[in-house]
Amino acid sequence: MGRILISASHYDTLCTKAYDFLKEKGHEIIYDSKRAFPAYSSEELKEILPSVDAAIIGLDTYTKEVFSYSDRLKAVAKFGVGVDNIDLKAASEHGVKVINAPGQNANAVSELAVSFMIDLAREIVPLFNKIKEGEWVRGIGDELNGKTVGLLGFGSVARLVAKKLKAFDMDIIAYDLYPNKEAAENLGVRMTTFDEVVEKSDFLSLHIPATKENYHLFDKKMFHRMKRGAYFINTARGSLVDLDDLAAVLDEGYLKGAGLDAYEKEPLPSSSKILSCRNVICMPHSGAETKEAYENVSMSTARDVDLVLNGKDPICWVNRNK
């Protein structure tokens with residue numbers, strides 16, 4: 001059995017099923033619910049990792065230097081999907097299996113993406129703010145019916161977005177480097193080019209990972225390739241978007257609204273220009289923050305960590321071939 005460091009938030013309250021599972025398997029859990037998140041700095045990890053067999057992490061950064069702190073570490077599980085805070089090459093070099101939980105929080109994120117579209121189209125937030133200011137402004141919104149929604153990326157989240165939006169009789173198009181044509185056909189989604197998704201969508205929703213190649217993929221030039229009056233949704237990764245450029249195209253009225261749940265710098269500074277834009281909804285990276293998602297992700301990662309500590313391969317093994 002092993003010692004498991006847990007730095008994912010709410011583990012003692014929203015992940016009790018996984019917590020009990022690990023204890024019943026004989027593992028020792030190290031968890032401090034009083035810590036702010038990210039929970040551990042590099043210097044703190046230097047002290048604690050030499051006595052740890054596995055870690056279930058949230059936003060903590062596991063660099064090449066961090067992996068050098070311990071020869072005992074066997075597994076690092078990301079409490080979620082994106083592993084951009086983990087150096088996969090360094091993990092492989094140190095014999096550490098990196099785990100994630102694909103699809104386990106997908107429904108929660110997909111529901112947020114759809115809610116962004118509805119809220120923005122009907123200008124719910126700005127109209128509510130007018131009421132609070134004592135004004136009775138009856139704005140004219142847009143309906144989703146008959147509009148084109150473009151999905152950049154067609155993974156588990158995007159497919160659930162498509163499934164939900166079919167009820168609104170929308171035309172759904174998508175682009176993915178490795179398209180799942182069978183899933184697209186079953187959902188009535190037309191797979192097409194990157195250019196068409198960007199240029200033809202009334203609602204453009206991002207569902208792609210962050211890489212060095214797509215850093216600030218959406219800058220002023222890319223935003224101006226979108227349809228005038230379109231809505232922009234990002235529930236994926238903050239580094240995909242140049243926020244100041246997005247604020248500029250919103251202020252000039254080229255885009256009609258934006259819903260955001262991920263930012264290059266988090267927490268989002270209160271001085272950010274995007275916060276002064278009219279029809280914008282900013283969430284504090286909480287797309288996966290539901291009770292159901294916490295239970296799903298925690299059980300998936302707990303089971304895989306237990307497998308590794310028992311000398312077996314995990315199911316969701318990110319660096320299997322690295």
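For the residue pair Lys78 / Asn85, a side-chain donor-acceptor distance below 3.5 Å is found, with atom types taken as modelled. For Thr63 and Asp87, the side-chain atoms include no donor-acceptor pair closer than 3.5 Å. Side-chain polar atoms of His94 and Asp71 form no donor-acceptor pair below 3.5 angstrom. Inspection of the Lys163 and Asn186 side chains reveals no N or O donor paired with an N or O acceptor under 3.5 Å. Side-chain polar atoms of Asp176 and Asn180 form no donor-acceptor pair below 3.5 angstrom. A side-chain donor from one of Glu264 and Tyr215 sits under 3.5 Å from a side-chain acceptor of the other.
Between Lys227 and Asp202 there is a salt bridge, since a side-chain N of the basic residue sits under 4.0 Å from a carboxylate O of the acidic one. By the 4.0 Å N-to-carboxylate-O rule, Asp53 lies close enough to Lys74 to be salt-bridged with it. Salt bridge annotation for Asp195-Arg225: present, with a cationic side-chain nitrogen under 4.0 angstrom from a carboxylate oxygen. Taking a cutoff of 4.0 Å between a charged side-chain nitrogen and a carboxylate oxygen, Glu44 and Arg35 qualify as a salt bridge. Between Lys130 and Glu123, none of the side-chain N atoms (NZ, or NE/NH1/NH2) sits under 4.0 Å from a carboxylate O, so this pair counts as no salt bridge.
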Lys164 and Met170: CA distance, side-chain angles, deciding distance, side chain to side chain contact (heavy atoms under 4.5 Å, CB included) verdict | CA-CA 10 Å; Lys164 292 169 173 57; Met170 301 185 78; over 6 Å; no
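Under the side-chain hydrogen bond (donor to acceptor under 3.5 Å, both in side chains) test applied with Trp317, the options Asn321, Asn319, Asp313 reduce to a single match, Asn319. Checked options Lys147, Lys256, Met117; the residue passing with Tyr231 is Lys256 (criterion: side-chain contact (heavy atoms from CB on, under 4.5 Å)).
For Glu266, there are no salt bridge (charged side-chain N to carboxylate O under 4.0 Å, His left out) partners at least two apart in sequence or on another chain.
One finds the CE atom of Met283 at 13.0 Å from the CG atom of Leu268 (value rounded to the nearest 0.5 Å).
For Arg138, the CZ atom is loosely surrounded, since the number of other residues' heavy atoms within 6.0 Å does not exceed 12.
Residues Val197 and Thr192 meet the side-chain proximity criterion, which asks for heavy atoms closer than 4.5 Å. A heavy-atom distance below 4.5 Å is found between the side chains of His10 and Tyr294. Put simply, the side chain of Ile56 reaches to within 4.5 Å of the side chain of Val305, judged on heavy atoms. The side-chain heavy atoms of Lys25 and Leu22, taken from C-beta on, include no pair separated by under 4.5 Å. Two residues are said to be in side-chain contact when any heavy atoms from C-beta on lie closer than 4.5 Å; Leu152 and Phe194 meet this criterion. With a 4.5 Å cut-off on side-chain heavy atoms, Asp251 and Val249 do not count as touching.
Proximity of the aromatic rings of His285 and Tyr263 is defined here by a centroid distance below 6.0 angstrom, and this criterion is not met. In this structure, Phe232 has its ring center under 6.0 Å from that of Phe223. Aromatic ring centres of His207 and Phe154 lie farther apart than the 6.0 Å criterion allows.
Criterion: ILVMFWY side-chain heavy atoms under 4.5 Å apart, direct or through other members. Under it, Val161 and Phe168 are part of a common hydrophobic cluster.
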